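This report refers to the structure that appears directly beneath it.
As the structure is a computational prediction, the values presented were derived from the model and not from experiment. Worth knowing before you read on, the calculation uses all heavy atoms, side chains too, and leaves out hydrogens, waters and symmetry mates. Position 1 is the first residue of the sequence, and the numbers go up from there.
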Amino acid sequence: MGSVPDVYQIHFLFSQMEVRVKLLFLLLLCLRLVPLCPVARAQSTNAIEQVVVSGSMESLTSPNLNSVAQRFLDTPGAVYVYSSNRYQLGRGAYLEDFLPYVPGVLIQSSQGSEDTKISIRGSDAQDDNIIGLGILLDGVPLNQGDGEAFLQDLDLRGVKYAEVYRGADALRFGSLSLGGAINLVTMTGRDAPQFETWLTGGSFGLLQTGMLSGWSNGPFDALLTVSSHFLDGFRDHSQEDSQKVFSSLGYRITQWAENRLYIFWGSLSQNNPSSLTQKEMLSNPQQTDPESIAQNWSTEWEYFRLADQLVLNGDAWQFHLSAFYNHRNQLQRQEFDADNPVGIVRYYSDDYGGDLAFESTADLFGGRNRLTLGLNLTFEGEVDTNYANLDGNIGPLIAADYTFAANLAFYCENQHYLTKFFSILTGFQAVYVERNYHDRLDSPVDGNQSNNEDFRGFSPKLGFLYDWTDRCKAYLTVSGSFQPPSFDQSRETAADGNELFKRLDAQTAETVEVGTKGEAGPFSWDLAVYHSWVRNELLDLTNGQGVPLGTVNAGKTSHQGIEVGLQTELGHAMLARGAEKEGDDRLVLEQTYMLSDFHFRDDPVYAGNRIAGTPVHSYKAELHYEHPCGFYIGPNVEWNVVRYPVDEANTLFAGPYALLGCRLGYKNKRGLDVFLEVKNLTNRIYPATVEVVGNAQIEGGRSFNPGNGRSLYSGISCTW
């Protein structure tokens, strides 16, 4: 077995590639500074007193919700914007608390904790990590260079709203996926409270504390959030402990130019229980495989992020330029036995990149027009070292590698109104991707696994929008998508624990969707119906004999579905009537429904079976009453209507379930908030997520991750 080169040797092996990347990154940083030069000259010729920046002026890097709502309504596609107001009316611990009623978004917590899976339209719903979905903060990507993202890298308390782009609408962010993207827009020192502190506690040892502070003075503003999170966990061996610090510093250079610097630090220590068989889950959902405790399956990491963006804003145009750097150190203890000898993985990664974007809203040929151009560059270098897991201790070396990813995405989109009520959108995304894998452990048994791949993709887009009224729209969109494999998908574990590289094709799809969105009277809605013809979908499959193949290209598959969000004001001024409508009480019913119908097409092993792992019919609703004095109450339900397959052979199924909950509280104008929330009121045993296998009859059915039992949470926050 060969020796492991040190880090300096690794970088020498990739020196030519690194030089090219660093030159590109240096060029991006230089371009980042260029627009500041004319600004500096303008300040030298005009008295600084003439530039007046008020504390209430809207940020260019973080616009308020009202200013973007109309743009979303005028977009021919499935886009949605969701405020954070409801997030602070309950537990407020995870993304599923932030986006509970967004149509088309599936969020699942595999152990009732920070370990959260999220998928849109079936995008890589089978993976433990987030792949096939872009996660952004103020438009700057959080995904690693190979496409993976981690929700633990976010402090949601500092987010004021989320922009959800389903399908091809995410091309404007350079998103390389079928699912789309979620852009989280943060508070600034101008719209955040001067000081806020909170304390939340509840079932299974949940304890959350934190503070948030916003400050502004003239052209400067600053935001700081500090939070701590601890959980004993519903299941055995599911404790977690995390701390996060997030800050942003904004400088309003002139009324048309703003710069913002972001700094984030986070740490996580989390135990990972095993999945269970269906029988084990029903008999005792809190248990775990004793091996997970004996080998101390767990994840530990530290994460640092530095980002900067500049926005220049004209009368009918906007220019955006950003650069970022992320560093992660991680130690993960995993299963190590004859069936799955993954062991202990220690790695560190460095991600860096940036983007340029230009948008013009100037009229064209006498009609309204919106032109968007953009270029995204992302890079990642990662060093991985695998060891045997000897009762939670690091054992002999079994695998070592260095990987490098580079992504270049150019996109162009133009929406033009042919008439006052009808517009057409045309656009495309062109992508170049490099994936380089260097085997640092030249095993005499498996051979040198070093390999290089590159991918090229072109995704066109055509859309039509008809304005029934200013607040009611209908649309039709035809689009393509392109998604290369991540490094985890391109590797498989050999019998001796060594990592083997396998070539995979990129996943592509063509999608047609029709929909309508808007509001009329007491109703507001978002409805989309879509069908995707997918080729080379990245799935974990088995061969005809039931032998696991790991992640492979599945050939032809189809994804189709319905996404519905409906909000209905059932009444106001029922018990309290104010001088204006804002002073009335309100009763609102909020509902979402999602049909996810995903199938193989003429597969030699699975024929036309349903693709496993995603609920077919899911429904959520909350009946929310709020009184002008500050009292509110909202009973809710989450309903998985029918069973869905756990394996691709469709021999094992997760059963239907309904979860009842309720939250109530008091929120006054003086800044005092208190709440009480109960989840899973009937203490239903159910699978929150499932681990998909090819054929459960051959591979076994240890695939179920139980959700939390009955739980109660309460909290208090104070704002000055």
### Message
In this structure, is the centre-to-centre distance between the rings of H327 and F304 below 6.0 Å?
### Response
no
### Query
Roughly how far, to the nearest 0.5 Å, is the OH atom of Y165 from the CG atom of L136?
8.5 Å
### Query
Roughly how far apart are E648 CD and L539 CG, rounded to 0.5 Å?
6.0 Å
### Message
Does either side chain, that of N407 or that of R435, offer a donor lying less than 3.5 Å from an acceptor on the other one?
### Response
yes
### Query
Is there a side-chain contact between F324 and T378, using heavy atoms and a 4.5 Å cut-off?
yes
### Message
Would you compute the distance between atom CG of D446 and atom CG of N498 and round it to the nearest 0.5 angstrom?
### Response
4.5 Å
### Where L106 and P615 come nearest, the two heavy atoms and their spacing
CD2-CD, 3.9 Å
### Distance (rounded to the nearest 0.5 Å) between I611 CD1 and T614 OG1
8.0 Å
### Task
List for me each residue that meets side chain to side chain contact (heavy atoms under 4.5 Å, CB included) alongside N553, sequence neighbours excluded, and say none if there are none.
L504, D505, N536, L538
#### Entry: From CG (L95) to CD1 (I135), nearest 0.5 Å
7.0 Å
### Task
Any chance you could measure S450, atom OG, to D401, atom CG, to the nearest 0.5 Å?
9.0 Å
### Query
Looking at side-chain heavy atoms only, is the closest gap between D138 and Y262 below 4.5 Å?
yes
### Message
Between R328 and E382, does any NZ, NE, NH1 or NH2 come within less than 4.0 Å of an OD or OE carboxylate oxygen?
### Response
no
### Query
Any ion pair linking D384 and R440 (charged N to carboxylate O, less than 4.0 Å)?
no
#### Entry: Ionic contact status for R702 with E280, cut-off 4.0 Å
yes
### Message
Check K502 with E453, please: is the shortest side-chain N to carboxylate O separation under 4.0 Å?
### Response
no
### Query
Do the two ring centres, one from F246 and one from W265, sit under 6.0 Å apart?
no
### Query
Does the ring centre of H229 sit less than 6.0 Å away from the ring centre of Y94?
yes
